[in-house]
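Since the structure comes first, as structure tokens, the remarks are kept for the end.
Numbering of ligands and ligand atoms starts at 1, following listing order. Source: prediction; values computed, not measured.
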Amino acid sequence: MESDNSKTQNHQNHELVPHKGFKLISGTHDPDDVDQIYNLEIRDSDVFVVTYPKSGTIWMQQILLLLESKGDVSAISQVNNYSNGDLIPWIELNGNRQAFITAPSPRLRVTHLQYQFMPSALSHKGKVIYVARNPKDVLVSYFHFHKLANMLETPKDFNDFFEKFLKGDVFGCSWFDHIKTFHAHKDDMNMLFITYEEMVQDLQSAVERIALFLGKELTDEQLANVVKYSTFNNMRKIPQANYEQVPGDLLSHQQGKFMRKGTIGDWKNHFTVAQNEKFDEVFNKEMEDFPLSFLWDVSDIV
Ligand code: PPS
């Protein structure tokens with residue numbers, strides 16, 4: 001088993017670098033390249049999945065690919081043309097912007113970038129799916145991910161990470177700014193705004209909504225297969241979907257699983273009463289005028 005030390009050594013090549021109000025990861029993102037994303041030409045068939053980290057990006061990747069293949073799960077195992085092991089490429093990763101320009105349609109991409117970096121042409125072409133997740137569970141998922149992701153610093157302890165997250169001192173910056181800005185601009189793009197919690201609550205309905213938004217016509221049987229192969233338990237068994245195949249220099253797999261719990265309310269196993277009160281105070285202030293509410297516990301599902 002590799003020691004924590006090896007993760008520290010791998011991490012030494014990466015650090016958060018401020019860039020135009022956001023933070024990029026050195027060695028992973030190139031600021032000039034990221035700036036050029038804004039000018040990309042967009043096709044009607046392009047789809048961008050936008051998320052704050054740990055909000056269900058990989059889950060949405062799986063659903064989109066299954067919708068493309070009409071529920072044929074063998075199509076997932078054939079996706080192995082990305083050296084970093086992603087099913088759908090991140091537009092902001094080094095080299096991926098250039099590849100996007102000549103890629104065949106449909107060009108499906110994911111991103112954690114803030115609104116100001118998005119291709120401006122998305123205002124009249126292409127589609128955007130924004131996946132939001134309650135930020136307490138995002139924080140917990142992100143804390144655990146920092147322990148296995150070599151491009152991110154291993155947290156000193158949970159409280160240290162808690163404070164960094166609230167300050168936006170992580171890749172993705174402030175969760176509050178990310179969601180508020182995209183939501184404020186949702187009518188400036190052809191955007192589907194969907195939550196992780198809705199997907200947990202009723203995956204079938206969520207998949208139907210996504211299919212309708214993308215104009216995908218599938219038979220009931222095909223749709224049932226999309227749902228079947230995008231459940232947490234089934235995705236966990238598919239090596240291409242569960243991130244097991246992401247190379248060891250990016251993820252220290254012995255430190256934990258990418259597909260960790262996949263539920264709502266795990267924050268209750270991590271937050272102290274004092275941390276919860278502090279979080280609620282910041283949340284209530286930041287989200288005062290936000291029109292949507294969140295599900296905070298799996299038992300809140302009706
Ligand atoms: S990343 O690194 O930002 O791309 O991570 P992201 O994919 O956005 O989020 C990872 C969390 O999503 C959970 N996940 C799922 N939950 C429920 N059902 C399915 N099918 C599913 N697929 C992925 C994954 O387990 C991470 O959440 P946690 O809470 O850590 O388990």
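- Distance from atom 7 (O) of ligand 1 to its nearest protein heavy atom, with residue and atom name: Ile58 N, 2.9 Å.
- When heavy-atom distances to ligand 1 are checked against a 4.0 Å cut-off, Ala149 has no atom that comes that close, whether in backbone or side chain.
- Side-chain N or O atoms of Arg107 include one that pairs as donor or acceptor with a backbone N or O of Phe100 at under 3.5 Å.
- With hydrogens and angles disregarded, a donor-acceptor distance shorter than 3.5 Å links the side chain of Ser26 to the backbone of Glu15.
- A donor-acceptor contact shorter than 3.5 Å is absent between the side chain of Asp30 and the backbone of Asn94.
- Residue contacts with ligand 1 include Thr231, since one or more of its heavy atoms lies under 4.0 Å from the ligand.
- Contacts between Trp90 and ligand 1 below 4.0 angstrom, taking non-hydrogen atoms only, involve the side chain exclusively.
- Judged by distance alone, with hydrogens and angles left aside, the side-chain atoms of Glu197 form no donor-acceptor pair with the main-chain N or O of Phe294 at under 3.5 Å.
- Taking a 4.0 Å cut-off on heavy atoms, Met60 fails to register as neighbouring ligand 1.
- Looking from atom 8 (O) of ligand 1 to the surrounding protein, the closest heavy atom is Thr57 OG1, 2.4 Å.
- A distance-only check finds no donor-acceptor pair linking the side chain of Gln204 to the backbone of Val227 [under 3.5 Å].
- A heavy-atom separation below 4.0 Å is found between Arg133 and ligand 1.
- Close to ligand 1: Phe258, with a non-hydrogen atom less than 4.0 angstrom away.
- Residue contacts with ligand 1, taken as heavy atom pairs separated by less than 4.0 Å, involve Ser55 solely via the backbone atoms N, CA, C and O.
- When non-hydrogen atoms are compared, ligand 1 lies under 4.0 Å from the side chain of Met235 (C-beta onward) but not from its backbone.
- Ligand 1 lies less than 4.0 angstrom from a heavy atom belonging to Met259.
- Close N/O approach between Pro53 and ligand 1 is not found [any backbone or side-chain N/O within under 3.5 Å].
- Taking atom 1 (S) of ligand 1 as the reference point, the nearest protein heavy-atom neighbour is Lys54 NZ, 3.7 Å.
- Asp46 contributes no side-chain N or O that, together with a main-chain N or O of Gly126, makes up a donor-acceptor pair within less than 3.5 Å.
- In terms of N/O distances under 3.5 Å, ligand 1 is not approached by Thr263.
- Around atom CD of Glu281, no more than 12 heavy atoms belonging to other residues, nucleotides or ligands sit under 6.0 Å away.
- Of the residues listed (His183, His185, His178), the one engaging Tyr130 in a ring pair (Phe, Tyr, Trp, His ring centres under 6.0 Å) is His178, and it is the only one.
- Side-chain N or O atoms of Tyr196 include none that pairs as donor or acceptor with a backbone N or O of Thr57 at under 3.5 Å.
- At distances below 3.5 Å, at least one donor-acceptor pair connects side-chain atoms of Arg236 with backbone N or O atoms of Arg260.
- Looking only at side-chain heavy atoms (C-beta outward), Phe143 and Asp160 stay at 4.5 Å or farther from each other.
- A donor-acceptor pair is defined here as one N or O able to donate and one able to accept, closer than 3.5 Å; such a pair exists between the side chain of Thr231 and the backbone of Lys228.
- Counting only heavy atoms of the protein, atom 26 (C) of ligand 1 lies nearest to Ser141 OG, 3.8 Å.
- Close contacts of ligand 1 with Trp59, meaning ligand atoms under 4.0 Å from a residue heavy atom, involve 15 (C), 16 (N), 17 (C), 18 (N), 19 (C), 20 (N), 21 (C), 22 (N).
- Here atom 17 (C) of ligand 1 lies nearest to Tyr196 when heavy atoms of Trp267, Phe171, Tyr243, Tyr196 are compared.
- The shortest N or O to N or O distance between Lys261 and ligand 1 is under 3.5 Å.
- Annotation: Tyr52 places no N or O atom under 3.5 Å from an N or O atom of ligand 1; distance criterion only.
- Below 3.5 Å of separation, one finds an N or O of His112 facing an N or O of ligand 1.
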